[in-house]
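Comments concern the structure below.
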Amino acid sequence: MRGGAVVTALAAVLVALLGAAPAQAAGYRYWSFWQSSGGQWAYATQGPGTARPGDGDVIGFRFAVSADSSDAAKPRAAAGFGEVCDRTAAKEGAKRVAVVLDFGTPADAPDGETPPAARSACAQVGEDATAGEALAAVAKPLRYDSSALLCAIAGYPRTGCGEQVSGAKKDGASARPSTAGKSDGGGDGVPSAGLIGGVAAVVVLGAAAFWQARRRRG
């Protein structure tokens, strides 16, 4: 094969490999857990079963198709304590925790289900209560799987738990590797730098061979 044909063939390989890259990776449908930090939502660094909010804290839960803490969908309501708990009087031996629930968009809902309206409630619980216990005080029934993953809040959704969802990105959601099961393939629909760099290097080497062949003929 002549040098020019080699370059042409290698370029075709590059185009084919880039064209074969996935158009959109899968996400996961699940409840994410948030805490208020300076009046803004921050992805919780602990699960609701171990996090212990203090009196006057705000916790939030958002149901969405998302993938990891870097781009999970936040609750859309403000992370404020006053508007949720102002009417709940303080009580000795208890703490008040504002609980914000965002059931997501219709696009995030499992087939055949409609998300309930977002709502907030003030949980008055024991001083040592976890975020999960505060949630249970205002949003039963809760459903967990065998790995203690929170599957449903206030009975929503009826079935499923952290299942993989493929296809186009949904409104208000993300589609990148998930806390429920991260893919090694990247998951953002963009060819990896290693793939592009490796194939490009092959094309460059082919081009070099082509020019060397021309110099020998000259």
Side-chain angles (χ1 to χ4, degrees), residues 27-36 41-69 72-81 83-91 93-165 170-174 178-181:
Y28 293 82
R29 183 183 285 119
Y30 70 103
W31 282 100
S32 56
F33 173 43
W34 301 80
Q35 294 175 300
S36 176
W41 290 117
Y43 199 92
T45 57
Q46 299 182 64
T50 56
R52 284 182 164 78
D55 182 65
D57 282 352
V58 185
I59 59 176
F61 296 85
R62 171 70 189 267
F63 188 76
V65 175
S66 55
D68 61 21
S69 60
K74 300 177 181 179
R76 289 167 289 178
F81 175 80
E83 57 268 34
V84 180
C85 285
D86 268 353
R87 296 184 180 180
T88 303
K91 186 169 65 175
K95 62 184 176 184
R96 294 172 298 165
V97 179
V99 181
V100 177
L101 304 177
D102 187 334
F103 295 85
T105 68
D108 291 318
D111 291 343
E113 297 204 46
T114 301
R119 59 187 174 92
S120 302
C122 188
Q124 193 162 54
V125 291
E127 293 178 329
D128 197 41
T130 65
E133 289 169 329
L135 176 65
V138 297
K140 290 181 179 177
L142 306 182
R143 177 166 56 86
Y144 292 87
D145 72 0
S146 59
S147 301
L149 178 67
L150 180 60
C151 303
I153 294 176
Y156 181 81
R158 294 188 301 271
T159 61
C161 193
E163 65 270 21
Q164 190 175 40
V165 179
K170 297 174 178 288
D171 293 340
S174 57
S178 173
T179 54

Determine yes or no for a side-chain-to-main-chain donor-acceptor pair under 3.5 angstrom, with Arg52 supplying the side chain and Asp128 the backbone.
yes

Taking all non-hydrogen atoms of both residues into account, name the closest pair between Ala134 and Ala123 and its distance.
O-CB, 3.4 Å

When rounded to the nearest 0.5 Å, the distance separating CD1 of Ile59 from CD of Gln35 is 7.5 Å

Is there a donor-acceptor pair closer than 3.5 Å between any side-chain N or O of Glu133 and the backbone N or O of Thr130?
yes

Ring centers of Trp34, Phe61 separated by less than 6.0 Å:
no

Please find out if less than 6.0 Å separates the ring center of Phe103 from that of Trp31.
yes

What I want to find out is whether Arg29 reaches Glu163 closely enough, with some N-O distance under 4.0 Å, to be called a salt bridge.
yes

Does any non-hydrogen side-chain atom of Pro75 lie less than 4.5 Å from one of Trp41?
yes

Atom pair CZ (Arg96) and CG (Asp86), whose distance is rounded to the nearest 0.5 Å:
7.5 Å

Under a 4.5 Å cut-off applied to non-hydrogen side-chain atoms, are Leu149 and Cys161 in contact?
yes

Looking at Lys74 and Tyr43, would you say the former's side chain and the latter's main chain have a donor-acceptor pair under 3.5 Å?
no

Can you find a pair of side-chain heavy atoms, one from Val84 and one from Val58, that are under 4.5 Å apart?
no

Heavy atoms, side chains only, cut-off 4.5 Å: are Ser36 and Phe81 in contact?
no

Taking the side chain from Glu113 and the backbone from Arg158, do they hold a donor-acceptor pair closer than 3.5 Å?
yes

So, does Lys95 use its side chain to make a donor-acceptor pair with the main chain of Gly54 at under 3.5 Å?
no

Tightest non-hydrogen contact, residues Ser66 and Ala73, listed as CB-N, 4.2 Å

Distance-minimising heavy-atom pair for Tyr30 and Ala72
OH-CB, 4.3 Å

Which residue is it: Val99, Val97, Val125, Leu101? I am looking for the one with a side-chain contact (heavy atoms from CB on, under 4.5 Å) to Val138.
Val99

Taking the side chain as everything from C-beta on, heavy atoms only, tell me whether Phe63 gets closer than 4.5 Å to Pro110.
yes

Starting at CG of Leu135, measure out to CD1 of Ile153 and round the result to the nearest 0.5 Å.
4.5 Å

